Undergrad: 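There's a structure below that I have some questions on.
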Amino acid sequence: MTDSHKNSPLDGAKPRVRFAPSPTGYLHVGGARTALFNWLYARHFGGTLILRIEDTDLERSTEEMVEGILQGMRWLGLDWDDGPYFQTKRMDIYRAAGVKLLASGHGYYCFCTKEQLEDRRAKATAEGRPPKYDGACRKISREEAERRKNAGEAAAVRFAVPESGVTFFDDAVFGRIEFANSELEDFVLLRSDGGPTYHLSVVADDVDMKITHIIRGADHISNTPKQVLLYQALGAALPVFAHVPLILGPDKTRLSKRHGATSVISYRDLGIVPEAFRNFLALLGWTPPQTAAGTNEATPEILSDTQLIQLFGLDGISRSNAVFDNDKLAWFNTEYIRAYSAEKLLPLIEEEWTKAGMRVDTRDGNWLLSTIDLLKPRARNLKDFATSFRAFFTDDYPSDPAAIEKFLKDGNIRKMLGELADLYAALPEFTEAETERVLRELATAKGIKAGALINGARVALTGQGVAPSLFAVMMALGKERTVKRLQKLN
RNA sequence: GGCGCUAUCGUCUAGGGGUUAGGACGUGAGAUUCUCAAUCUUAAAACACGGGUUCGAUUCCCGUUAGCGCUACCA
């Protein structure tokens with residue numbers, strides 16, 4: 001029995017979780033995993049997943065990125081129950097929260113300009129002091145602050161952090177984490193333009209949306225005490241925090257563009273099957289409960305979405321960062337492709353053909369399906385069907401020079417393959433057994449190894465040195481194409 | 001720099017005061033063969049370091065080191 005929500009303030013009630021990306025970039029791998037964990041958690045407990053777009057950074061947020069994020073989630077098969085909400089459309093909520101905080105004395109006006117703050121910060125670091133806001137405006141009396149504000153002076157609203165004491169929270173993954181309040185600075189709640197800052201908008205929204213569990217990246221751990229303070233100041237119950245360790249690149253630094261593909265959608269373009277990606281991602285930083293404790297039985301890693309949902313829980317999340325391993329992703333992908341039926345694969349493959357500009361004759365459905373079945377055990381990704389396997393679906397395919405060099409450079413072999421073509425043309429029954437028999441007999445007659453003929457024929461038929469069993473290839477190509485391609489050698 | 005978090009094979013991880021430290025991906029070797037993949041067999045591969053606590057620490061505590069995160073009127 002997994003019962004990871006035992007810490008919930010709403011014990012027994014259905015959890016309400018959210019995925020709250022900022023549309024300042026595409027949906028990256030880390031964000032996708034956060035979304036996945038939230039999704040799995042919601043589905044496991046029959047709770048609600050809310051999608052909220054945190055677009056309060058007007059400078060950097062774009063509509064295009066919003067679409068990119070939604071597209072990424074759809075590709076991964078992650079659906080949400082509510083939203084998407086846009087923070088830019090919920091300004092009233094944040095302003096109301098700001099007013100409330102101001103009224104209760106938890107917030108105060110700050111008239112410092114950006115330039116002043118930067119100067120002070122620079123000076124502080126230069127002098128070796130922590131670059132914390134010095135609380136200058138906190139000393140201004142409320143009357144004076146109101147007067148200046150009403151006089152039209154630009155003012156931000158800051159949160160008055162208690163000068164002493166400790167703020168803590170019990171993280172579902174990391175356990176209790178404490179921060180000395182003296183380490184926290186009087187952070188900005190409302191910018192001088194009236195817009196909310198991250199801390200205010202998240203908390204106001206999470207309270208308003210009755211979020212019970214906040215599952216997010218561990219990069220937010222340091223932000224959490226400020227938010228805890230905000231919950232307390234607002235008189236709201238604390239949700240369960242579950243911070244998820246970060247995903248790193250092979251060099252163990254935070255995954256970024258430098259490491260190649262970081263956008264989820266780029267994995268689609270690489271020919272990765274979404275289910276494989278999802279399975280791989282789920283196991284990055286989370287381990288399902290052991291099947292039977294004490295047994296050496298291997299815990300399976302290929303897990304369907306149903307199994308993932310059933311098994312998922314916060315207690316399986318690890319505390320250390322994880323390196324993104326492309327090799328393992330590739331393995332998941334081949335496993336999924338191999339397990340898929342040809343029917344399921346076909347539409348995915350057709351997309352690849354379209355992308356590659358290939359025109360494939362799809363009239364003979366049975367032939368298509370059996371050819372896919374022949375090929376899929378050695379496919380590494382969906383693109384293979386438009387690249388390495390191209391010769392199976394169209395007559396317009398390239399030949400690998402290295403393969404020719406290796407198996408077809410001998411003129412005698414080419415000549416023999418030409419003879420083979422004639423034998424095949426005259427063959428009444430073009431079957432796997434017959435084609436093999438004829439080839440082997442020819443090899444014996446010529447006094448060479450069958451393998452030499454087989455390998456040469458493979459290159460002639462597929463343009464590749466690598467392909468399935470030759471006679472199966474011939475059946476997939478059919479008599480006409482087989483003969484024609486063999487004849488072309490001379 | 002300050003604060004916070006983390007530390008088991010190359011990678012993802014299981015485990016936990018006494019174990020041959022388990023699995024998966026990857027890697028090596030062999031078998032098979034018609035190339036490649038698959039498959040089967042098999043091999044190599046880890047408890048960061050130093051102090052405690054203890055009869056006994058990889059496991060618990062402290063420190064060191066390293067890595068990561070945060071340190072904005074970004075999110």
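Reminder, nothing fancy here: chain letters follow the sequence lines and each chain counts from 1. The shown structure was predicted, so the numbers you read here are calculated from the model rather than taken from an experiment.
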Undergrad: Just to be sure I understand the rule, does A/Leu246 reach a base, reach only the sugar-phosphate, or reach nothing, if contact means heavy atoms closer than 4.0 Å?
TA: sugar-phosphate
Undergrad: Can you tell me how far C1' of B/A66 sits from CG of A/Leu248, to the nearest Å?
TA: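 Nearest whole value for this atom pair: 14 Å.
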Undergrad: Can you tell me the Watson-Crick or wobble partner of B/C47, both distances under 3.5 angstrom?
TA: none
Undergrad: So for A/Arg60 and B/C74, does any side-chain atom that can act as donor or acceptor lie under 3.5 Å from a complementary atom in the base?
TA: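 Checked by distance alone, the answer is yes.
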Undergrad: How close or far is atom P of B/A38 from atom NZ of A/Lys376, stated in whole angstroms?
TA: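 In whole Å, B/A38 P lies 16 Å from A/Lys376 NZ.
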Undergrad: According to side chain to side chain contact (heavy atoms under 4.5 Å, CB included), who are the partners of A/Arg319, at least two apart in sequence or on a separate chain?
TA: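 By the side chain to side chain contact (heavy atoms under 4.5 Å, CB included) rule, A/Arg319 matches A/Val173, A/Phe174.
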Undergrad: Any base atoms under 4.0 Å from A/Thr334, or only sugar-phosphate, or nothing? Heavy atoms, all strands.
TA: nothing
Undergrad: If only side-chain N and O atoms count, and only distance matters, is there a donor-acceptor pair under 3.5 Å linking A/Gln87 with A/Asp205?
TA: yes
Undergrad: Going by purine N1 to pyrimidine N3 plus the second Watson-Crick contact, or the G-U wobble pair, all under 3.5 Å, which nucleotide sits opposite B/U11?
TA: B/A24
Undergrad: Sticking with atom C1', work out how far B/C55 lies from B/U64, rounded to a whole angstrom.
TA: 28 Å
Undergrad: When we call it a touch if two heavy atoms are under 4.0 Å apart, what does A/Pro130 touch: a base, just sugar-phosphate, or nothing?
TA: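 Touches nothing.
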Undergrad: Please work out if A/Arg254 contacts a base, only the sugar-phosphate, or nothing of the nucleic acid, heavy-atom cut-off 4.0 Å.
TA: sugar-phosphate
Undergrad: When all nucleic acid strands are considered with a 4.0 Å heavy-atom cut-off, which category describes A/Gln464: base, sugar-phosphate, or nothing?
TA: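 A/Gln464: no heavy atom of the nucleic acid under 4.0 Å.
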Undergrad: When the aromatic ring centroids of A/Phe324 and A/Tyr267 are compared, is their separation below 6.0 Å?
TA: yes
Undergrad: Paired with B/U33 by Watson-Crick or G-U wobble geometry, both distances under 3.5 Å: which nucleotide is it?
TA: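 Result: none.
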Undergrad: Could you work out which one of B/C34, B/A75, B/A38 sits closest to the side chain of A/Arg440?
TA: B/C34
Undergrad: Ignoring the backbone of A/Asp57, work out which of B/C73, B/C74, B/G4 is nearest its side chain.
TA: B/C74
Undergrad: How many whole angstroms separate atom CG of A/Asn381 from atom P of B/A37?
TA: 16 Å
Undergrad: What contact category does A/Cys110 fall into here, base, sugar-phosphate, or nothing, at under 4.0 angstrom with non-hydrogen atoms?
TA: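 Result for A/Cys110 = nothing.
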Undergrad: Check the distance between B/A37's C1' and A/Asp373's CG and give it to me in whole angstrom.
TA: 16 Å
Undergrad: Specify the separation, in whole Å, of atom CH2 of A/Trp331 and atom P of B/U39.
TA: 10 Å
Undergrad: Judged by modelled atom types alone, do A/Thr262 and A/Tyr26 share a side-chain donor-acceptor pair under 3.5 Å?
TA: yes
Undergrad: In whole Å, I'd like the distance from the CD atom of A/Glu335 to the P atom of B/C25.
TA: 8 Å
Undergrad: Write out a two-atom table: protein N or O, nucleotide N or O from nucleotides 9-12 of chain B, distance below 3.5 Å.
TA:
from: B/U11; atom 1: OP1; to: A/Lys252; atom 2: NZ; distance (Å): 2.6
from: B/C12; atom 1: OP1; to: A/Val323; atom 2: N; distance (Å): 2.9
from: B/C12; atom 1: O2'; to: A/Leu283; atom 2: O; distance (Å): 3.0

Undergrad: Is there a side-chain contact between A/Thr24 and the phosphate of B/A75, meaning an N or O under 4.0 Å from OP1 or OP2?
TA: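 No, because none of the side-chain N or O atoms of A/Thr24 sits under 4.0 Å from OP1 or OP2 of B/A75.
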Undergrad: Both A/Ile177 and A/Gly316 contact RNA chain B. Which one's nearest nucleotide lies toward the 5' end?
TA: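 Looking at RNA chain B, the more 5' nearest nucleotide goes with A/Ile177.
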Undergrad: Please report the distance, rounded to the nearest Å, between CD in A/Gln227 and P in B/C74.
TA: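 These atoms are roughly 15 Å apart.
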Undergrad: From the options B/C73, B/C34, B/A75, select the nucleotide whose nearest atom is closest to the side chain of A/Gln87.
TA: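 My answer, after comparing the listed nucleotides, is B/A75.
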Undergrad: Under 6.0 Å between ring centres: does that hold for A/His213 and A/Phe37?
TA: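 Aromatic pair excluded; centres sit 6.0 Å or further apart.
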Undergrad: Between A/Tyr109 and A/Cys137, is there a side-chain heavy-atom distance shorter than 4.5 Å?
TA: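 No - every pair of side-chain heavy atoms lies 4.5 Å or more apart.
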Undergrad: Return the pairing partner of B/A38 with a 3.5 Å limit on both distances, Watson-Crick or G-U wobble; otherwise return none.
TA: none
Undergrad: At less than 3.5 Å, do the side-chain atoms of A/Arg319 and the base atoms of B/C5 form a donor-acceptor pair?
TA: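 Answer no: no donor N or O sits under 3.5 Å from an acceptor.
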Undergrad: Please classify the nucleic acid contact of A/Phe280 as base, sugar-phosphate, or nothing, using heavy-atom distances under 4.0 Å.
TA: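 No contact.
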Undergrad: Determine the interatomic distance between P on B/G67 and the same-named atom on B/A24; round to the nearest Å.
TA: 32 Å
Undergrad: Checking all strands, does A/Ser201 fall into the base, sugar-phosphate, or nothing category for heavy-atom contacts under 4.0 angstrom?
TA: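 Counting heavy atoms under 4.0 Å across all strands, no contact is made by A/Ser201.
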Undergrad: Rounded to the nearest angstrom, tell me the gap between atom CZ in A/Phe471 and atom C1' in B/U33.
TA: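 Those two atoms, CZ and C1', are 13 Å apart.
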Undergrad: So is A/Arg90 actually on top of A/Tyr85's ring, under 6.0 Å and inside 45° of the axis?
TA: yes
Undergrad: Could you check whether A/Leu117 gets within reach of a base, just the sugar-phosphate, or nothing at all, counting any heavy atom under 4.0 Å?
TA: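 Base contact.
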Undergrad: How far does the C1' atom of B/G4 sit from the matching atom of B/U8, given to the nearest Å?
TA: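 Per the computed distance, 23 Å lies between those C1' atoms.
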Undergrad: For a quick check of understanding: with a heavy-atom distance under 4.0 Å over all strands, which category does A/Ser192 fall into, base, sugar-phosphate or nothing?
TA: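 Base contact.
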Undergrad: With heavy atoms under 4.0 Å as the rule, sort A/Glu185 into base, sugar-phosphate or nothing.
TA: sugar-phosphate
Undergrad: Is it true that the side chains of A/Tyr198 and A/Asp57 contain a donor and an acceptor less than 3.5 Å apart?
TA: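 Side chains of A/Tyr198 and A/Asp57: no pair found under 3.5 Å.
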Undergrad: Is A/Arg191 near enough to B/A75 that one of its side-chain N or O atoms lies under 4.0 angstrom from OP1 or OP2?
TA: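 So the side chain of A/Arg191 is within the cut-off, an N or O lying under 4.0 Å from OP1 or OP2 of B/A75.
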Undergrad: In whole Å, what separates the P atom of B/C62 from that of B/U6?
TA: 12 Å
Undergrad: Please report the distance separating the P of B/A45 from the corresponding atom of B/A21, rounded so that it comes out in whole Å.
TA: 13 Å
Undergrad: Given the P atoms of B/C47 and B/C40, what is the spacing between them in whole Å?
TA: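 Looking at atom P only, B/C47 and B/C40 are 30 Å apart.
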Undergrad: Suppose you measure atom P in B/A14 against the same atom in B/G51; what distance do you get, rounded to whole Å?
TA: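 Their P atoms lie roughly 29 Å apart.
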Undergrad: Provide the Watson-Crick or G-U wobble partner of B/G18, both distances under 3.5 Å; none if there is no partner.
TA: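 B/C55 - that is the nucleotide pairing with B/G18, both distances being under 3.5 Å.
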Undergrad: Is A/Arg338 touching bases, backbone alone, or none of the nucleic acid, heavy atoms closer than 4.0 Å?
TA: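 Counting heavy atoms under 4.0 Å across all strands, the contact made by A/Arg338 is with sugar-phosphate only.
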Undergrad: With a 4.5 Å heavy-atom cut-off, do A/Thr224 and A/Ile177 have their side chains touching?
TA: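 Result no, sub-4.5 Å side-chain heavy-atom pair not found.
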Undergrad: Taking atom types as they are modelled, is there a donor-acceptor pair under 3.5 Å from the base of B/C73 to the side chain of A/Thr197?
TA: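 When only heavy-atom distances are counted, A/Thr197 does not reach the base of B/C73 through any donor-acceptor pair under 3.5 Å.
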Undergrad: Could you tell me how far B/U19 sits from B/C36 if I compare only their C1' atoms? Round to whole Å.
TA: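 The answer is 41 Å between these two C1' atoms.
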Undergrad: Among B/G26, B/C34, B/C36, which is the nearest nucleotide to the side chain of A/Val466?
TA: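 Out of B/G26, B/C34, B/C36, the nucleotide with an atom closest to A/Val466's side chain is B/C36.
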Undergrad: Map A/Glu183 and A/Leu470 onto RNA chain B by nearest heavy atom, then report which one ends up closer to the 5' terminus.
TA: A/Glu183
Undergrad: Partner of B/G4 by Watson-Crick or G-U wobble geometry, both contacts under 3.5 Å, or none?
TA: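 Check on B/G4: paired to B/C68, both distances under 3.5 Å.
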Undergrad: Is the NZ or CZ atom of A/Arg158 both under 6.0 Å from the centre of the six-membered ring of A/Tyr133 and within 45° of that ring's axis?
TA: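 Judged by the rule, A/Arg158 and A/Tyr133 form a cation-pi pair.
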Undergrad: Scan A/His243 against the nucleic acid and name what it touches under 4.0 Å (heavy atoms): base, sugar-phosphate only, or nothing.
TA: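 Touches nothing.
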Undergrad: Check whether the side chain of A/Ser222 and the base of B/C3 form a donor-acceptor pair under 3.5 Å.
TA: no
Undergrad: Determine the contact category for A/Asn223: base if any of its heavy atoms lies under 4.0 Å from a base atom, sugar-phosphate if only primed atoms, P, OP1 or OP2 are that close, otherwise nothing.
TA: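 Since a base atom lies under 4.0 Å of A/Asn223, the category is base.
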Undergrad: Does the cation-pi check pass for A/Arg176 over A/Phe169, that is, NZ or CZ under 6.0 Å from the six-membered ring centre and within 45° of its axis?
TA: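 Ring-cation test returns no.
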Undergrad: Would you check if A/Phe179 and A/Phe168 make a side-chain contact, meaning some heavy-atom pair closer than 4.5 Å?
TA: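 Answer no - side chains too far apart.
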